[in-house]
Amino acid sequence: MKIAIVCYPTFGGSGVVATELGIALAKLNHEVHFITYKQPVRLDLLNPNIHFHEVNVPTYPLFHYQPYELALSSKLVDTIKKYKIDLLHVHYAIPHAYAGYMAKKMLEEESIYVPMVTTLHGTDITLVGNHPRYKPAVTFSINNSDIVTSVSQSLKEDTLRLFEIRKDIQVVPNFIDVSHQKTSFTDCQRDVMAEPEERIVTHISNFRAVKRISDVVDIFYNIQKEMPTKLLMVGEGPERKPAEQKCKELGIRDKVIFFGNSNEIDKILCFSDLFLLPSERESFGLAALEAMVNKAPVISSDAGGIPEVNKHGVSGYLSSVGNVKEMSENAIKILENDDILEIFKQNAYKEAKKFDVNEIVPKYIALYEGALAMS
Ligand code: GMT
C-alpha cells in the first residue's frame, strides 16, 4: 500500500506514534509518505520506503494567522496525485482531519478517491477539540472520516460523551517496538547519573499544566527524604522553569537533573528505577509504556487511559489525581526493597510486551484494507 501520514512532527505522543507506525509499515514494505511542516523528530529517512514532504506556509502580511490548513490540504492533493497514494492516515484531529477532508473533496472533483483514517490522540478531544470554537469542525471531520480510531477505550468513551459522533470508533492502542529496546544499545551507563546506592526516578513529558509537574516534584521530595535518590526530568514546556524554582525552594536542586528535550529517552530510561506520571488527563500515557518496556515501574494517576497501560499492583500503582501522599507511599514501597523493585521491573516489562508493535500494527493494516475495500 502507499500510505500518506499526517502528524505533528514535534516531541509529543501523537507524533511519536505516527512516526513509529510509519517506520513499522515501511519495514513491512509499504510505501510511507509523511506530510507535515518539519521532519518528525524520531524519523530516520534511511529507509527507501519512507518519504518526507514538507508543508510550507508562505507568510503574507495581510494574514494575521497564516493558513496552515490550506497549505496542508494543497500539499496533500499534490502528493496524493504525484505518488498515487492509496490511503491517508491523519493523526490528531485538529486541524489534520479537517485538512484531510478538504483534500479528499478536491481530489473527488478529479475522480480520485482516497479513504481517510483519523486517529484521535487525546488533547484533540479532551482539551482543545472540545472548545466551543473548534467543536463543530472537529465533530464534522470525525464524522466524515472513513475510519476513526482512538488510542484507548477511555478516549473512545470521552469522544462519544463530548461530541455527537455517528461513526463507530475502533480502539487501537499505542504500541512499542520491544525488539528495538532489546537491541538498540547495551551500555546502560547508570554510573554517570547516580551513585550505586542511589535510586533513579524519572519523569518525561511536554511539561504542560496537564502533567502536574508540581506533583512530580512533591512525590520526589517525599521519596528522597527516605532514601538516596535522583530525579531525572526530561522534556521542555511552560512548567519547567517553575519546577526548577520549586526544587531550589525545597533545597533539592542538586538532586534533580533537567535534560530538556531528548532523542535518547531509551538511554535515560534504561537506568531508571521508577517512572512518575501524575497527569490530570492522559488518553493513554505513551511515556509510561516507554518506561515499562525499559523495566521501570510506574507511579501514576488513574486519569483517562492510564489504567489500560499501568496495572495497579503489577507494573506500578495508580492513585486519584493529586493524591501525592499515596503516590509517594507507593513509590517508596517499590523502591525501598531490592526484591520488590525487581518484581515490579519484570512485571512492567511483561505488561509492556502486550503493546508490542507486532501485536498492534496489524490492526491498523486490517483497518486500511477494510477502508480500501469500501472505497
Ligand atoms: O501528552 C501530551 O500532551 C501530548 C499529546 C500529543 O498529542 O502528542 O499526547 C496525547 O497523545 C499520546 C499518544 O497517543 C498519548 O499517549 C497521551 O496520553 C495524550 N495526552 C493526553 O491525553 C494529555
Side-chain angles (χ1 to χ4, degrees), residues 5-22 24 36-38 40-43 89-97 117-131 134 138 148-159 161-162 169-177 203-213 215-216 233-240 261 265 269 275-293 298 300-310 318 321 351-352 355 357 360-361 363-364:
I5 294 183
V6 178
C7 63
Y8 281 105
T10 47
F11 290 88
S14 64
V16 169
V17 170
T19 307
E20 297 292 347
L21 174 61
T36 182
Y37 59 83
K38 209 174 73 187
V41 285
R42 288 210 195 163
L43 184 62
H89 188 169
V90 301
H91 290 260
Y92 209 89
I94 305 170
H96 299 154
V117 177
T118 297
T119 292
L120 309 174
H121 278 274
T123 43
D124 46 352
I125 294 301
T126 55
L127 269 182
V128 194
N130 191 32
H131 193 284
Y134 297 123
V138 172
V148 181
T149 77
S150 75
V151 298
S152 64
Q153 179 61 29
S154 152
L155 181 60
K156 172 178 176 171
E157 286 159 19
D158 282 342
T159 310
R161 184 171 45 81
L162 297 168
I169 300 178
Q170 319 274 336
V171 176
V172 182
N174 289 334
F175 58 89
I176 192 99
D177 184 349
H203 171 78
I204 304 175
S205 77
N206 53 18
F207 284 63
R208 310 231 160 239
V210 76
K211 303 291 172 181
R212 295 186 69 98
I213 302 300
D215 288 2
V216 173
M233 298 283 259
V234 186
E236 280 297 343
E239 297 300 314
R240 177 181 163 165
N261 283 329
I265 59 153
L269 286 168
F275 188 77
L276 300 179
L277 193 68
S279 309
E280 181 97 37
R281 292 164 203 260
E282 204 70 68
S283 66
F284 183 89
L286 184 65
L289 180 60
E290 292 184 320
M292 285 160 59
V293 80
V298 176
S300 68
S301 71
D302 58 5
I306 302 180
E308 294 171 47
V309 182
N310 183 24
L318 299 141
V321 174
E351 288 299 318
F355 296 90
V357 63
I360 310 299
V361 169
K363 294 184 201 285
Y364 277 121

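Every number for a ligand or one of its atoms is a count from 1 in the order of the listing.
Contact annotation: the side chain of Lys156 never approaches that of Gln170 to less than 4.5 Å [non-hydrogen atoms, C-beta and beyond]. The shortest distance between side-chain heavy atoms of Glu20 and Val357 does not fall below 4.5 Å. Between Gln153 and Glu308, some side-chain heavy-atom pair lies under the 4.5 Å cut-off.
In this model, a donor atom of one side chain and an acceptor atom of the other lie less than 3.5 Å apart for Thr149 and Thr119. Side-chain contact check for Asn310 and Ser300: at least one donor-acceptor pair (N or O, by modelled atom type) lies under 3.5 Å.
Outside the 6.0 Å centre-distance limit, the rings of Phe284 and His121 are not counted as a close aromatic pair.
Less than 4.0 angstrom separates some heavy atom of Asn174 from each of these atoms of ligand 1: 13 (C), 14 (O), 16 (O). Using a 4.0 Å cut-off to heavy atoms of Leu286, the atoms of ligand 1 that qualify are 16 (O). The atoms of ligand 1 that sit less than 4.0 Å from any heavy atom of Gly13 are 6 (C), 8 (O), 12 (C), 13 (C).
For the pair Val151 and ligand 1, the shortest N or O to N or O distance does not fall below 3.5 Å. By the 3.5 Å distance cut-off applied to N or O atoms, Tyr92 is not counted among the residues near ligand 1. At least one N or O atom of His121 sits closer than 3.5 Å to an N or O atom of ligand 1. Note: no N/O pair closer than 3.5 Å links Gly15 and ligand 1 by distance alone. Some N or O of Gly285 is nearer than 3.5 Å to an N or O of ligand 1, by distance alone.
Within the 4.0 Å heavy-atom criterion, neither part of Arg208 lies near ligand 1. Looking at Asp124 against ligand 1, nothing comes within 4.0 Å, counting heavy atoms. Of all the heavy atoms of Val16, none lies under 4.0 Å from any atom of ligand 1, so neither backbone nor side chain is involved.
Phe175 CZ to Leu289 CG: the interatomic distance, rounded to the nearest 0.5 Å, is 10.0 Å. Put simply, CD1 on Ile213 and OG on Ser279 are 8.0 Å apart, with the number rounded to the nearest 0.5 Å.
Of the listed residues (Glu282, Glu280, Glu290), the one carrying the non-hydrogen atom nearest atom 20 (N) of ligand 1 is Glu282. Considering Gly122, Cys7, Ser283 only, the shortest heavy-atom separation from atom 15 (C) of ligand 1 involves Ser283.
Residue contact annotation: Arg281 has a non-hydrogen atom under 4.0 Å from ligand 1.
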> salt bridge (charged side-chain N to carboxylate O under 4.0 Å, His left out) between Arg161 and Glu157: does it pass, once the steps are laid out?
Replying inline: CA-CA 6 Å; Arg161 184 171 45 81; Glu157 286 159 19; over 6 Å; no

